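Everything numeric in this text was worked out from a predicted model, so none of it was measured. The basis for the numbers below is simple: all heavy atoms, side chains too, and nothing from hydrogens, waters or symmetry mates. So you know, we letter chains A, B, ... as the sequences are listed, proteins then strands, and number each from 1.
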Amino acid sequence: MNIRFDFVVHWLYAILWALLAISGFAMVGAKYGWILNFSYATADYVHRLSAGLFVIVTLASIVYEVWRSIRNDNKYLAWHVIGRSGYQLFTFIVTLILIITGALIWICIEFNMAGIGFALFVHEYISYIALASVIWHIYMKCHALTWPKKADSRKQKA
Amino acid sequence: MLQKPWFKVFVWFMAIFFFFLAAGVVISILKPGPSEAEVMRFMMGMMNAMDNSMMGVIMNMEGRGMVASVIALSSRIAVPVMIVSLLMGFGVRLMQRRDAYAKQKEN
């Protein structure tokens, strides 16, 4: 079985993004607390651990893309999460903004409250845009949800 | 891989998860409130996280000098690192262009 790097990264990224999204939205405010039954500690744990893994996966994708660029490999990778145009470029920019603002919120919580406020604002609103874009992405790629036809498999068996 | 039934189930699960999450966010935005009880539960959760989660650990760590000095150092070197990486990026692009030109000439 030939499993490609971009395919694995795509689904790892999807799982991590799902965990980050549910835990992150549960921490936005009191109105959102019901999403994880007001368990802020769980949300905090899940968000921080997934964020660490998310940064590693993003870094691996960037290194892979730079390596491809140095090798003059311009082949389009359909499953890759970051790229040079379209939704891949959008994902790359959004990811970088989320990582930078997330790091600011995590690290600078005692240094600069105005900076934290701005980072929180950007982090939250970019997350809404990213979630909406994920729904759009699923809608555009909904052919991946179609089940393999049974009639075909019967024919193959025959 | 994408045609395997177990993977199809996984793809369906992910799609449904995101749709439900988006619905949850829309409900949270549009619903009235937050009520006093919700605020209390949220604040209690936050206080609990200070004791039983990484949040408290991180906040204690930030009180110490070493992490502060690492952050100060990393913020000082951030701009030069960005400039160097931009220059390296342009370098790679120039190399690619030169290689493409050389290939064209060969042909």
Side-chain angles (χ1 to χ4, degrees), chain A residues 1-4 7-8 11 14-15 17-19 21-22 25-49 66 69-72 74 79 100 103 106-111 127-128 131-132 134-135 137-139 141-142 144-148, chain B residues 1-5 7-8 10-15 17-22 24-25 27-29 31-56 58-59 62-63 67-68 70-72 74-75 88-89 92-93 95-96 99-100 103:
Chain A
M1 190 168 30
N2 183 24
I3 298 174
R4 280 159 42 192
F7 184 82
V8 175
W11 290 107
I15 294 167
W17 212 90
L19 289 172
I22 194 164
F25 283 117
M27 290 191 289
V28 168
K31 267 175 103 174
Y32 296 75
W34 65 274
I35 294 175
L36 279 185
N37 199 26
F38 295 93
S39 181
Y40 200 98
T42 311
D44 183 57
Y45 247 124
V46 172
H47 204 74
R48 283 179 200 266
L49 289 176
V66 169
S69 187
I70 291 168
R71 286 177 58 225
N72 259 344
N74 292 319
W79 286 100
I100 291 166
W106 189 334
I107 295 165
C108 302
I109 203 150
E110 284 191 357
F111 298 108
S127 305
Y128 292 131
L131 183 62
V134 168
I135 299 296
H137 178 64
I138 294 169
Y139 174 69
K141 307 284 178 183
C142 61
L145 295 165
T146 50
W147 207 265
Chain B
M1 185 74 162
L2 201 61
Q3 297 305 314
K4 290 202 186 316
F7 200 79
K8 281 280 175 206
F10 166 70
V11 175
W12 267 95
F13 176 81
M14 292 304 290
F17 178 94
F18 278 114
F19 273 90
F20 267 83
L21 184 65
V25 169
I27 290 166
S28 301
I29 294 169
K31 83 187 179 84
S35 65
E36 204 173 313
E38 274 179 334
V39 174
M40 283 305 287
R41 284 187 78 188
F42 189 73
M43 295 301 280
M44 287 289 283
M46 212 184 249
M47 296 296 282
N48 192 31
M50 291 283 186
D51 300 327
N52 300 323
S53 169
M54 276 165 89
M55 195 174 165
I58 295 295
M59 287 194 87
E62 274 148 17
V67 179
V70 168
I71 292 160
S74 54
S75 51
M88 281 171 74
V92 168
R93 289 202 78 141
M95 273 167 60
Q96 282 181 336
D99 290 353
K103 257 187 196 170

Next item on the list: Answer yes or no: are there more than 12 heavy-atom neighbours, outside B:F7 itself, under 6.0 Å from its atom CZ?
Entry: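 Count over threshold, so yes.
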Margin query: Tell me if the CZ atom of B:F20 is crowded by more than 12 foreign heavy atoms within 6.0 Å.
Written below: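 Not more than 12 within 6.0 Å, no.
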Notebook entry, point to check: Any idea which of A:I135, A:I70, A:T146 has the most non-hydrogen atom pairs under 4.5 angstrom with chain B?
Noted result: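 Heavy-atom pairs under 4.5 Å are most numerous for A:I135.
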Item checked: Selection from A:A14, A:A18, A:G33 maximising heavy-atom pairs under 4.5 Å formed with chain B ->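 Among the listed options, the one with the most contacts to chain B is A:A18.
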Check: With chain A, which of B:S28, B:P5, B:A22, B:G45 has the greatest number of heavy-atom pairs at distances under 4.5 Å?
Finding: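 Highest number of heavy-atom pairs under 4.5 Å: B:S28.
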Notebook entry, point to check: Do you know which of B:M44, B:E38, B:R93, B:R41 has the most heavy-atom pairs with chain A at a distance under 4.5 angstrom?
Noted result: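 When all of B:M44, B:E38, B:R93, B:R41 are compared, B:R41 has the most.
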Check: Got a second to check how far B:N48's CG is from A:F38's CZ, nearest 0.5 Å?
Finding: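 B:N48 CG to A:F38 CZ: 14.0 Å, rounded to 0.5 Å.
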Item checked: Separation of A:I15 CD1 from B:M14 CE (nearest 0.5 Å) ->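 Separation between the atoms: 5.5 Å.
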Using non-hydrogen atoms only, which part of [X] is less than 4.5 Å away from chain B: side chain, backbone, both, or neither?
X      : result
A:I22  : both
A:S39  : neither
A:I138 : side chain
A:F25  : side chain
A:A132 : neither

Checklist line | Contact check, side chains of B:V11 and A:W11, non-hydrogen atoms, under 4.5 Å | finding: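 Side-chain contact under 4.5 Å: yes.
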Notebook entry, point to check: Is there side-chain contact between B:F42 and A:Y32, with at least one heavy-atom pair below 4.5 Å?
Noted result: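 Result no, sub-4.5 Å side-chain heavy-atom pair not found.
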Margin query: Using only atom types and a distance under 3.5 Å, with no angle test, would you say the side chain of B:Q96 pairs donor to acceptor with the backbone of A:S69?
Written below: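 Side chain of B:Q96 to backbone of A:S69, a donor-acceptor pair under 3.5 Å: yes, one is there.
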Check: Between B:F17 and chain A, which part of the residue has a heavy atom less than 4.5 Å away: side chain, backbone, both or neither?
Finding: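 When you check distances to chain A, only side chain atoms of B:F17 fall under 4.5 Å.
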Note to self: If I measure from the heavy atoms of chain A, does B:V39 come under 4.5 Å with its side chain, its backbone, both, or neither?
What the structure shows: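 Both backbone and side chain.
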Check: Are any of the side-chain nitrogens in B:D99 or B:K103 under 4.0 Å away from the carboxylate oxygens of its partner?
Finding: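 Salt bridge between B:D99 and B:K103, a charged N being under 4.0 Å from a carboxylate O: no.
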